[in-house]
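A short write-up of the structure that comes next.
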There are 2 protein chains.
Amino acid sequence: MGRCEQCLIKQFNNLNALSKEELSRISDSKDVHIFKKGEVIFDEGKFSSGVYCIKDGVCKLSQLNANGKEQIVKFSKKGDLIGYHSAITHEPSTIKVTALNDVAACYIPQDLIKKPLEENPKFAGAMFKTVCSDLKEANNAITNISTNTVHQRMADLILFLKETYGVDNNNTINIQLSRKEIASSVGTATESAIRILSGFKKDGLIDLDGKAIVILDEEELKHLAEGI
Amino acid sequence: MGRCEQCLIKQFNNLNALSKEELSRISDSKDVHIFKKGEVIFDEGKFSSGVYCIKDGVCKLSQLNANGKEQIVKFSKKGDLIGYHSAITHEPSTIKVTALNDVAACYIPQDLIKKPLEENPKFAGAMFKTVCSDLKEANNAITNISTNTVHQRMADLILFLKETYGVDNNNTINIQLSRKEIASSVGTATESAIRILSGFKKDGLIDLDGKAIVILDEEELKHLAEGI
DNA sequence: AAGTTTGTATGATATTAGTCATTGTATAAG
DNA sequence: CTTATACAATGACTAATATCATACAAACTT
């Protein structure tokens, strides 16, 4: 098993700010987990006793409302540390994390994160900025959802997915979501999401091939997202 | 001018975690500002060079979307520290903070917050937990806005306002918002907010007297908020 | 391979919420 | 005190979105 000290993933996250010794201690106790597509990494209401560092694959972070309707609040990126909130506050997790494709993640016991967080100001500062940035994104999402139309948000999501996960040489987005997941992210009904995607296809903005989305007219999508 | 060391407000926030020396340094440089109702404490896009500790009064934290429509993302509570994100990251503020009534706030230059944040793990940890908690609330708001109806969210807001600001002996909520502000918080049009409030009054859930809201049937409001 | 389940697609319809227009009502300014 | 300005309320209408129903396709099961 690889050592954290050599792991390139930490370029994408705050573990980079740890000292050699701290990293080495983590490396000794960490555990690589493989989650199959659809597997729940940890669930709403449960306590997480550690933090996962996502090495490969994509997760959705979601919540259920009182009627069991799912809302996706975030998609993970490579290198994301997840579960730190529950691990640090010892409160039950308010979000559920699910693998959207096969996910490789290193499990780090909570103590090995909490200690550097208290003792290493560089790491603590980096983590603080990350949470601040997540909060900023969440606030933007609130404003986006409540002031923009579903059409705008759908265009926005497509551009976000391209931005975050990239496209292949066919301009096909490198992540496949079900229509239901798309709807849960945009905050609309599945049928509405399907209809809007069909509409985008008819208008030549995107092409659809099963779950694959091909971006055809990025400029027009940007205009749509801005409500023009 | 009072000294921070004696100030009772810090019981409500993380400044409590500072050492005597840190507090004393803040006390020497701090500045009490009075903001009149409606005054902008700091604006979206601007840099904040310090942090405000809210001693008295209530602020709204809001964002504008591309079309200039306002979304309130949070209401401040007594003791809240605001502006730390911009002060710490040196990025322009993504939110606008406006006084909803007369607000007394102590201005603390950014250095006096940044230093303890790096050197005092107790304070840094407390701040970290606060941002995590804000993030949790923001995620809940996302789920609430996109899965619940405007009626539900209105009932929810009324209960939240009671919970946060309390009621007098008439069961009148201790904070007065304009209909527009209520709408901007719930995420709906002003007319819709007015209509729903009128409906609640007709149904005997609340009473309205100008901007004052009197809670008459809290149980039913709770049911409504939960979508029952 | 046949059956079962799950996901996708689309039409018809209902509901919700937004917009526009108008009137009344406070509140502030001269 | 009067006028101007912002705020509140409500009706009429329109647009956006959700729900229900159904059909079909894809992906698993046995």
Side-chain angles (χ1 to χ4, degrees), chain A residues 36-39 60 65-72 98 100-101 143-157 176-203 206-214 224-225 227, chain B residues 36-39 60 65-71 98 100-101 144-157 176-203 206-214 224-225 227:
Chain A
K36 287 268 163 211
K37 179 179 175 174
E39 257 189 275
K60 62 176 175 183
N65 83 339
N67 308 318
K69 207 169 157 189
E70 181 185 45
Q71 175 64 33
I72 295 178
T98 313
L100 287 176
N101 45 31
T143 302
N144 181 27
I145 290 180
S146 57
T147 66
N148 294 346
T149 66
V150 179
H151 269 82
Q152 287 178 279
R153 276 138 56 199
M154 181 66 79
D156 202 56
L157 174 69
Q176 301 209 339
L177 304 172
S178 71
R179 299 294 190 259
K180 198 175 165 189
E181 281 162 345
I182 290 174
S184 295
S185 175
V186 167
T188 187
T190 307
E191 297 95 321
S192 298
I194 291 172
R195 254 181 262 272
I196 289 166
L197 286 174
S198 302
F200 282 4
K201 181 179 177 176
K202 213 177 64 188
D203 295 344
I206 59 172
D207 206 359
L208 297 169
D209 180 14
K211 291 197 200 323
I213 298 174
V214 187
L224 253 180
Chain B
K36 287 268 162 211
K37 179 180 176 175
E39 256 189 275
K60 63 177 175 184
N65 84 340
N67 308 318
K69 207 170 157 188
E70 181 186 44
Q71 174 65 33
T98 313
L100 287 177
N101 44 31
N144 181 27
I145 290 180
S146 55
T147 66
N148 295 346
T149 65
V150 179
H151 270 82
Q152 287 178 279
R153 276 139 54 199
M154 181 66 79
D156 202 57
L157 174 69
Q176 301 209 339
L177 304 171
S178 71
R179 299 295 190 259
K180 198 176 165 189
E181 282 162 345
I182 290 174
S184 295
S185 175
V186 167
T188 188
T190 307
E191 296 94 322
S192 298
I194 291 172
R195 255 181 262 272
I196 289 167
L197 286 174
S198 301
F200 282 4
K201 182 179 176 176
K202 213 177 64 189
D203 295 344
I206 58 172
D207 205 2
L208 298 169
D209 180 15
K211 292 196 202 321
I213 300 175
V214 187
L224 252 180

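Protein chains get the first letters and strands the later ones, always in sequence-line order, with residue 1 at the start of each. All values below were derived from every heavy atom in this structure, side-chain atoms included, with hydrogens, water molecules and symmetry-related copies excluded.
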[X] has an atom [atom1]; how far is it from atom [atom2] of [N], in whole Å?
| X | N | atom1 | atom2 | result |
| --- | --- | --- | --- | --- |
| A/R179 | D/dC24 | CZ | C1' | 15 Å |
| B/L208 | D/dC7 | CG | P | 18 Å |
| A/K180 | C/dA9 | NZ | P | 15 Å |
| A/I194 | C/dT6 | CD1 | C1' | 12 Å |
| B/D209 | D/dA9 | CG | P | 11 Å |

What's the closest nucleotide to the A/A189 side chain, out of D/dA18, C/dA17, C/dT19?
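Given the options D/dA18, C/dA17, C/dT19, the side chain of A/A189 is closest to D/dA18.
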B/R195 side chain, from C-beta outward: closest of C/dT10, C/dT19, D/dT17:
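Within the option list, the nearest is C/dT19.
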Is any side-chain heavy atom of A/V214 closer than 4.5 Å to one of A/I206?
no
Would you tell me if any nitrogen or oxygen in the side chain of [X] comes within less than 4.0 Å of OP1 or OP2 on [N]?
| X | N | answer |
| --- | --- | --- |
| B/K211 | D/dC7 | no |
| B/T190 | D/dA8 | no |
| B/S192 | C/dG18 | yes |
| B/T188 | C/dG18 | yes |

For DNA chain D, whose closest nucleotide is more 5', that of A/T149 or that of A/E191?
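Result: A/T149.
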Locate the shortest heavy-atom distance separating B/L157 from B/S185; write the atom from each residue and the value.
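That would be CD1-OG, 3.5 Å.
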Could you check whether A/S146 and B/Q71, counting side-chain N and O atoms only, form a donor-acceptor pair closer than 3.5 Å?
yes
Is the side chain of B/R153 donor-acceptor paired with the backbone N or O of B/V186 at a distance under 3.5 Å, no angle test?
yes
